[in-house]
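Input: a single structure, listed below in structure tokens.
Whatever order the structure lists them in is the order used to number ligands and atoms, beginning at 1. Residue indices begin at 1 and follow the sequence shown.
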Amino acid sequence: MIAVHDRTLILGIESSCDETAAAVVRGGREVLSNIVASQHDLHQEYRGVVPEIASRAHAERILPIVDAALRDAGVELHELGAIAVGHRPGLIGSLVVGVAAAKALAWSLGVPVVGVDHIQAHLYAGLLEDGPPVEFPAIGLVVSGGHTALYRCGSPRDIRRLGATVDDAVGEAYDKAASVLGLPYPGGPGLDRLASTWSGEPGIELPVSRLDRTSLDFSFSGLKTSLLYAARGIPADPRRAHKPPPPAAPPLDDRRRAQLAAAFQRAAMDALLLKLERALDGSPDCRAVLVGGGVAANSLLRTRMEELRARRALDVRVPRLPFCIDNAAMIAGLGFHRLAANPAGDGLGLVANPRASV
Ligand code: KG4
Ligand code: ZN
């Protein structure tokens, strides 16, 4: 058990997917270091994360990354008040590496270890660093490669899910769409850049999923398929052999790729904003919005959030770019609040869990 105060130094560890990360955060907000080693080069040829490759790479990298985070922060191991680790949700083999490292460090230093839900940490990412404290309740929107969901947040630790994707996560749809357009994995950033080269209206309308009139769930698989058909043409249906075949798609030259990227980006963001605004309409007591996850780095999403802030006079928190992608600063930051509520931490019985807690 430690006394938790605004100078408490927490080492955060994150290894839930394909980023090995460590960070030192003081008092839950002040980020002293934030080191992220991405494995994108290892997974690129498979166009997706290969779990076995990911967990092996975490095992090789975790200790050098922790060392780098301490060095960058100018902090010695004995100065740490606690270790926070993203212990759920994620790839089990990857999570196990981070949890084992965190428990070993905590045990050897005699400090508490605290488990942090990665999704909740994404929502906390916009609250790191300076700025006035946010007023709860707030609506949370997580947009990442593995998750797309809306939450009602009573505090950083009190989070209830309002809706989630029924199929692909928005980041996953970006990665698949990018692959159709010939961009390297992970394709979100590349698709975003390609879309930005298109000026004006896309001139192609891809579907924006609504589900039903009150739903707060998302669906991105229809959008993904529409993009595929727009890029490659609609496949001929053998049951309709007597009908003329569907027209061939226009050639997928650079201009068409940029146009399709812009149309995809527009539809994806319209779908996110539609449900976010629906959630806000249903929760008039929420005057703040917390956005997090890799797709929060998206240029159009950030513009749309600025517009939302102005239009509805809301306190909208979108993390700075280094805190959008998977990182350990958000883990250490939220870990501080978990520790303040339970200074003994979770103990060495803490286990990795592939499922989210909310
Ligand atoms: O949060 P994150 O680092 O990992 C998960 O927890 O899933 O999110 C990674 C996802 C990837 O799908 C990546 O393509 C997407 O975030 N992403 C973007 C952008 N930057 C990253 N998607 C759209 N636009 C971007 N600028
Ligand atoms: Zn994430």
Mind listing the side-chain donor-acceptor pairs of residues 350-358 below 3.5 Å, one per line with the distance, residues two or more places apart or on another chain?
| unit_1 | atom_1 | unit_2 | atom_2 | d |
| --- | --- | --- | --- | --- |
| Asn353 | OD1 | Arg355 | N | 2.9 |
| Ser357 | OG | Asp117 | OD2 | 2.7 |
| Ser357 | OG | Gln120 | NE2 | 3.4 |

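- The environment of CZ in Arg304 is crowded: more than 12 heavy-atom neighbours from other residues, nucleotides or ligands sit within 6.0 Å.
- Closer than 4.0 angstrom to ligand 1 sit non-hydrogen atoms from His118, His122, Ser144, Gly145, Gly146, Gly171, Tyr174, Asp175, Pro186, Gly188, Pro189, Asp192, Gly293, Gly294, Val295, Ala297, Asn298, Ile325, Asp326.
- Relative orientation of the His118 and His122 rings is perpendicular, given thresholds of 30° and 60° on the angle between their planes.
- The environment of CD in Glu205 is sparse: at most 12 heavy-atom neighbours from other residues, nucleotides or ligands sit within 6.0 Å.
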Before giving the answer on salt bridge (Lys or Arg N to Asp or Glu O under 4.0 Å), spell out for Arg56 and Glu52 the whole-Å C-alpha distance, their side-chain angles and the decisive distance to 0.1 Å. CA-CA 6 Å; Arg56 280 168 188 258; Glu52 181 63 23; 2.9 Å; yes

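- For the Zn ion (ligand 2), the count of nearby protein N, O or S atoms, meaning those under 2.8 Å away, is 3.
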Derivation of the side-chain hydrogen bond (donor to acceptor under 3.5 Å, both in side chains) call for Asp6 and Thr8: CA-CA 6 Å; Asp6 61 5; Thr8 300; over 6 Å; no

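- For residues 26-44, the set of pairs meeting the salt bridge (Lys or Arg N to Asp or Glu O under 4.0 Å) definition, not counting sequence neighbours, comprises Arg26-Glu30.
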His58 and Thr20: CA distance, side-chain angles, deciding distance, side-chain hydrogen bond (donor to acceptor under 3.5 Å, both in side chains) verdict: CA-CA 6 Å; His58 285 306; Thr20 318; 2.9 Å; yes

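- Open room surrounds CG on Asp130; 12 or fewer heavy atoms of other groups in view lie less than 6.0 Å from it.
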